[in-house]
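Values below: all heavy atoms of this structure, side chains included; hydrogens, waters and symmetry mates excluded.
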Amino acid sequence: MSVTTEMPFGVMPAPDVVDLLLEQHMRARDLMTEVLLAPGDTRRTAFRELVRLLSVHEAAEEEVVHPVTRRTADAGKNIVADRLHEEHDAKQLLKLLDGMDPDDADFLPLFMTLRAAVITHAVAEQKYEFNNIRKDVSSSERAGMRLLVQAAEKLAPTHPHPGVQSATANVVVGTPTAIFDRARDAIRAVRERGADRPPG
C-alpha cells in the first residue's frame with residue numbers, strides 16, 4: 001500500500017484520476033438532466049452523448065480503478081463486486097434504452113430508473129472507491145492512473161455491453177467491439193446528416 005506524500009504549502013496537486021472521474025460523473029448528471037428536460041433532437045443528442053460517456057467511463061473504471069481498489073482497500077474485493085453488480089444492472093437498462101427512440105412513450109419512465117441507478121452507483125463509487133484512492137494511493141500514482149483511464153477510454157466500446165464486467169474480458173473484446181461501435185456511430189451520424197438535408 002502506497003503512502004500519500006504531503007504537498008508543499010501553496011502548491012496545488014496536479015489533476016488526477018479522481019478529478020477526471022468526478023468531472024465525468026458531473027457531466028453525466030448534466031446530460032441526464034438535459035435528457036429529462038430537452039425536447040426532440042436536443043434530447044436525442046444528449047442521450048447519445050450520455051450513452052457514449054457512460055459506456056467508456058465504466059469500461060475504463062473496470063480496467064484501471066477496480067483493480068486498484070481490490071489491491072488497496074479493506075474488503076476491496078467485496079467493494080468491487082458490489083460496483084460490478086450495479087454496473088451490470090445499469091448497462092442492461094442503458095442497452096434497452098439505446099435501442100429506443102427518446103420520443104417513445106416508454107422512454108422517460110425507463111430513463112428515470114436508469115438515472116436513479118447511475119446516481120446511486122456514482123455515490124457508492126465516490127464513497128467506497130474514490131475516497132480510498134485519494135487516501136491510500138500516492139499523487140504520482142493517481143496521475144498515472146488518470147493517463148491509463150484516458151487511454152482506456154479511447155479504446156473502449158461506445159455502447160453498453162452487459163456481461164463484460166472484468167478487466168480481462170474488456171481487454172479481450174474491447175478493441176473489436178469498440179471498432180464496431182465507432183463504425184455504428186459514424187453510420188448513424190451520416191444518416192442523420194443526410195436526413196436533415198433538403199431533397200434535390
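Under a hydrophobic clustering in which Ile, Leu, Val, Met, Phe, Trp and Tyr are joined whenever their side-chain heavy atoms come within less than 4.5 Å, directly or via other members, Leu147 and Val18 fall into different clusters. Both Val68 and Leu22 sit in one connected hydrophobic cluster of ILVMFWY residues. Membership requires side-chain heavy atoms under 4.5 Å apart, directly or through other members. Both Leu36 and Val51 are members of a single hydrophobic cluster when ILVMFWY side chains are connected at heavy-atom separations under 4.5 Å. Hydrophobic clustering of Ile, Leu, Val, Met, Phe, Trp and Tyr side chains at less than 4.5 Å, counting indirect connections, keeps Phe130 apart from Ile119.
For the pair Lys91/Leu54, no side-chain contact is recorded, criterion being any heavy-atom separation below 4.5 Å from C-beta on. Put simply, the side chain of Glu34 reaches to within 4.5 Å of the side chain of Leu31, judged on heavy atoms. By the 4.5 Å heavy-atom criterion applied to side chains, Leu94 and Phe47 are counted as neighbours. Between Ile133 and Glu141 there is no side-chain heavy-atom pair separated by less than 4.5 Å. No side-chain heavy atom of Pro15 sits less than 4.5 Å from a side-chain heavy atom of Leu20.
Between atom CD of residue Glu58 and atom CD of residue Glu86 there is a gap of 9.5 Å, rounded to the nearest 0.5 Å. Leu114 contributes atom CG, which lies 7.0 Å from atom CE of Met32 (distance to the nearest 0.5 angstrom).
No side-chain N or O of Gln24 forms a donor-acceptor pair with one of Glu61 less than 3.5 Å apart. Checked by atom type, the side-chain pair Thr69/Asn132 shows no donor-acceptor distance below 3.5 Å.
Across all non-hydrogen atoms, the minimal contact from Tyr128 to Arg83 is CD1-NH1, 3.8 Å. Asp106 approaches Met100 most closely through the heavy-atom pair C-CE, 3.7 Å. Looking at every heavy atom in both residues, Leu21 comes nearest to Val65 through CD1-CG2, 3.6 Å. The minimum heavy-atom distance linking Gly40 with Asp103 is given by the pair CA-OD1, 4.1 Å. The shortest heavy-atom contact between Pro67 and Glu62 is CD-O, 3.5 Å. Residues His159 and Ser55 come closest through the heavy atom pair C-OG, 3.1 Å.
Distance alone, capped at 3.5 Å, is enough to place a donor-acceptor pair between the Arg43 side chain and the Ala38 backbone. The closest donor-acceptor contact from the side chain of Asp19 to the backbone of Asp16 lies under 3.5 Å.
Results of the side-chain hydrogen bond (donor to acceptor under 3.5 Å, both in side chains) test with His57 over Arg27, His25, Glu153 single out His25 as the only residue that passes.
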